[in-house]
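Data first, discussion second: the structure below is written as structure tokens.
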Amino acid sequence: MNKNIRNFCIIAHIDHGKSTLSDRMLEITSTLSKYEMKHTQMLDTMDIEQERGITIKLQPVRMEYEMNNENFILNLIDTPGHVDFSYEVSRSLAACEGAILVVDASQGIEAQTLANVYMALEHDLTIIPVLNKIDLPAANPDKVGDEIANLLGCDKDEILQVSAKMGTNVEQLIQQVIKDIPAPPEKPENEETKALVFDSTYDPYKGVVVFVRVFQGQINKKDKLRLLNTISDFEALEVGYFKPKYEPSESLKEGEVGYIVTGFKSVGEARVGDTVYKTQNKEKFPMEKAEALSGYEKVKPFVFASVFCTEASDYPLLRTALEKLSLNDSAVTYEPEQSTALGNGFRCGFLGLLHLDIVQERLEREFDLDLIVTAPSVSYKVNLSNNTQETISNPSLLPDPARIEAVLEPWVKAEILVPNDYVGAVLELCQDKRGIQKDIQYLAKDRVMIVNELPLANIVVDFYDRLKTVTSGYASFSYDFLEFRIENLVKLDILIAGSKIDAFSCVIHRTEAQNFGSKLVKKLKKLIPRAQFEIALQAAIGSRVIARETISALRKDVTAKLYGGDRTRKDKLLKKQKKGKKRLKMLGNVTVPQEAFLAVLKKD
């Protein structure tokens, strides 16, 4: 039976038609009937995925197809296309022997297409190139076919042209998957069972459910199992397949993809990349010496932001919401934080700005919370004078400058694909962001790939928006973490009425501090409402103020009731008003609206 199993995933740039292609496959293999397919993108199970038309979480499904009088089992994993969720793609590739590379015939190869191809090649997978959306009037299959052939080094005639929406050639694609993608390699029989955990989720009724690919042996219901990395023992309460809903079975055999209900109450107990292990002979194969499968490390967040409630009384609700959300999204990290201006909240880690946006929307929608989210930042490493190193994810926690030997910031390798006409504008944008140009490659006559090294802090906020603006929306962008580098960085603080606001603190390159601080206090002056007293807005590095703006006090015309009389009457009332404003300045509170916290998002 092992020779009739095909494990593969679909990879592509965002909006190139992966999920629509999955729908057609589900129909053709009769995994779901047309009656059951109540909407498009059946493997996008979350409401927010349906509304935005993007895939956020990988989703496996088992299909069955008859060819040449043989029954084949096709395990498909649908993957996200956005750069923020590339870790989901790497998980899927580790559980497969092949990948379908989907390219939009009207848009051509994009940056994430290249990134996904490189990942697939690193995993030594068989790649089946597919041209999708050939039914569109703007489709140019000949030109895009040449791009794919040059990228993969294959013959242009080998590239299958399909229309996922119309179903054109999708059945031929299924047959090509069976022909070209190899069956899972058979392992020699022994008394060990190993399966790789490539995802996990929390079900309110079943507890933690792990998605596994069995590489060796067989897992049966009620088996006593162990996760080798966390050394957690559990019983397989239920095992089964995805069709695409859970379908229980008695066992998962070698080479198959399925799920195991663990009974754990926290996703942290069943980490992605762990190895599910079982042995029949504990004397011959002691569990303490069992070797884990080569998985991957725990996902590390790149972007950090603080989340607070507009109503202080909602803090317990926010804590509960984050606990529940993290059960279904193990990439979110959070820890308590306190701000003098905003009260109690949490410092959260995300994979990118889209991930932050998705999490914020889910918290507000699913848990009915009204949130204030501070400007995103990245983590830094700090070399201290006592020869130790600290990792700082919150600028307000940066140690005293007297103790700091050096500050290291994360750098990334960015690949930007643009039409030839926009190369100059993109190079200028990268230079503005302290980028270092490494390479320019012409993939076609009018398609250029620009490779730059950039500081992560300078691209997580508004880089993608500005890139789309300067290229009229034609650019695509992908990046990979490179290393931490020592840079001339300083902590910039914002003081409002003499009080330091931690939520506005940021770590910035010294050459950019003056300009950014000046622009920020000018923005805050427009956004913070006037009060009965004068409000000073200051940008400071340590004790040195580098920029200042003043919000003038509201003034009531206290002399309006005077009609004639001696001048001293008017002076007396004005002097009394001045004393009152001075007292208000000592006791008054400044109201900082949400728009002010969003102002720091834009560095221009």
Side-chain angles (χ1 to χ4, degrees), residues 1-11 22 43 57-64 72-80 87-100 119-120 122-126 177-178 181-188 190 192-201 208-221 223 225-230 234 236 238-244 246-262 267 270-278 290-299 330:
M1 191 63 177
N2 204 15
K3 67 183 181 66
N4 286 3
I5 296 174
R6 300 292 184 271
N7 297 318
F8 66 99
C9 60
I10 300 180
I11 56 176
S22 302
L43 297 185
K57 291 285 291 179
L58 65 85
Q59 185 63 43
V61 63
R62 175 185 170 117
M63 303 177 291
E64 295 177 9
F72 290 88
I73 294 173
L74 309 176
N75 291 312
L76 161 67
I77 303 178
D78 187 25
T79 65
Y87 80 105
E88 295 268 351
V89 181
S90 67
R91 295 178 180 184
S92 307
L93 297 175
C96 300
E97 278 76 42
I100 297 175
M119 277 195 287
E122 284 174 9
H123 285 80
D124 199 24
L125 300 189
T126 300
V177 166
I178 294 172
I181 294 178
E186 294 190 16
K187 302 284 184 180
N190 60 26
E192 286 185 298
T193 296
K194 292 181 181 179
L196 178 70
V197 178
F198 64 88
D199 200 8
S200 61
T201 187
V208 174
V209 181
V210 294
F211 299 0
V212 298
R213 155 72 193 274
V214 182
F215 279 90
Q216 185 175 317
Q218 178 174 312
I219 296 175
N220 304 307
K221 185 178 178 180
D223 274 352
L225 305 170
R226 169 175 286 188
L227 292 168
L228 292 182
N229 291 327
T230 58
F234 66 97
E238 179 182 311
V239 298
Y241 313 113
F242 306 96
K243 287 206 125 184
Y246 297 142
E247 182 169 300
S249 68
E250 288 301 314
S251 64
L252 286 174
K253 299 180 176 63
E254 184 176 288
E256 292 186 329
V257 173
Y259 70 90
I260 306 172
V261 177
T262 64
V267 170
R271 291 178 180 170
V272 172
D274 211 337
T275 300
V276 177
Y277 182 78
K278 178 186 75 170
E291 292 184 6
L293 294 168
S294 55
Y296 15 75
E297 297 178 2
K298 186 181 177 183
V299 179
S330 58

**Asked** Judged by atom type as modelled, is there a donor-acceptor pair below 3.5 Å linking the side chain of Asn7 to the main-chain atoms of Gly255?
**Response** yes

| task | Say whether, by atom type as modelled, one donor and one acceptor occur between the side chain of Thr262 and the main chain of Val208 under 3.5 angstrom. | result | yes

For Gln218, the side chain to side chain donor-acceptor pair (under 3.5 Å) test, sequence neighbours excluded, returns Asn220

With a 4.5 Å cut-off on side-chain heavy atoms, are [Y] and [X] touching?
X	Y	result
Leu93	Cys9	yes
Ile178	Leu74	yes
Val209	Tyr246	yes
Tyr241	Leu252	yes
Tyr259	Ser200	no
Val61	Ser22	no

Who pairs with [X] by salt bridge (Lys or Arg N to Asp or Glu O under 4.0 Å), at least two apart in sequence or on another chain?
X	result
Arg6	none
Glu192	none
Lys221	none

Sequence-distant partners of Phe234, ring pair (Phe, Tyr, Trp, His ring centres under 6.0 Å), two or more places apart
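Residues passing ring pair (Phe, Tyr, Trp, His ring centres under 6.0 Å) with Phe234: Phe264.
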
| message | Among residues at least two apart in sequence or on other chains, which ones pass ring pair (Phe, Tyr, Trp, His ring centres under 6.0 Å) with Phe211? | response |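 Once residues adjacent in sequence are excluded, the partners of Phe211 under the ring pair (Phe, Tyr, Trp, His ring centres under 6.0 Å) criterion are Phe242.
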
Exercise. Kindly indicate, with the supporting measurements, whether the criterion side chain to side chain contact (heavy atoms under 4.5 Å, CB included) is fulfilled by Val276 and Leu227.
Key: CA-CA 5 Å; Val276 177; Leu227 292 168; 3.6 Å; yes

Let me confirm one number: the [atom1]-[atom2] distance from [X] to [Y], rounded to the nearest 0.5 Å.
X	Y	atom1	atom2	answer
Phe8	Leu76	CZ	CG	4.5 Å
Leu293	Asn229	CG	CG	9.5 Å
Arg226	Tyr277	CZ	OH	10.0 Å
Glu97	His123	CD	NE2	11.5 Å
Arg62	Glu256	CZ	CD	5.0 Å
Arg213	Glu254	CZ	CD	8.5 Å

For [X] and [Y], work out which heavy atoms get closest and say how close.
X	Y	answer
Glu238	Pro248	OE2-CG, 3.6 Å
Leu196	Phe215	CB-CE1, 3.7 Å
Leu225	Ala236	CD1-CB, 3.9 Å
Cys96	Ile77	SG-CD1, 3.9 Å

Partner of Val239 by side-chain contact (heavy atoms from CB on, under 4.5 Å), out of Ile219, Val212, Val261
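Only match with Val239 under side-chain contact (heavy atoms from CB on, under 4.5 Å): Ile219.
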
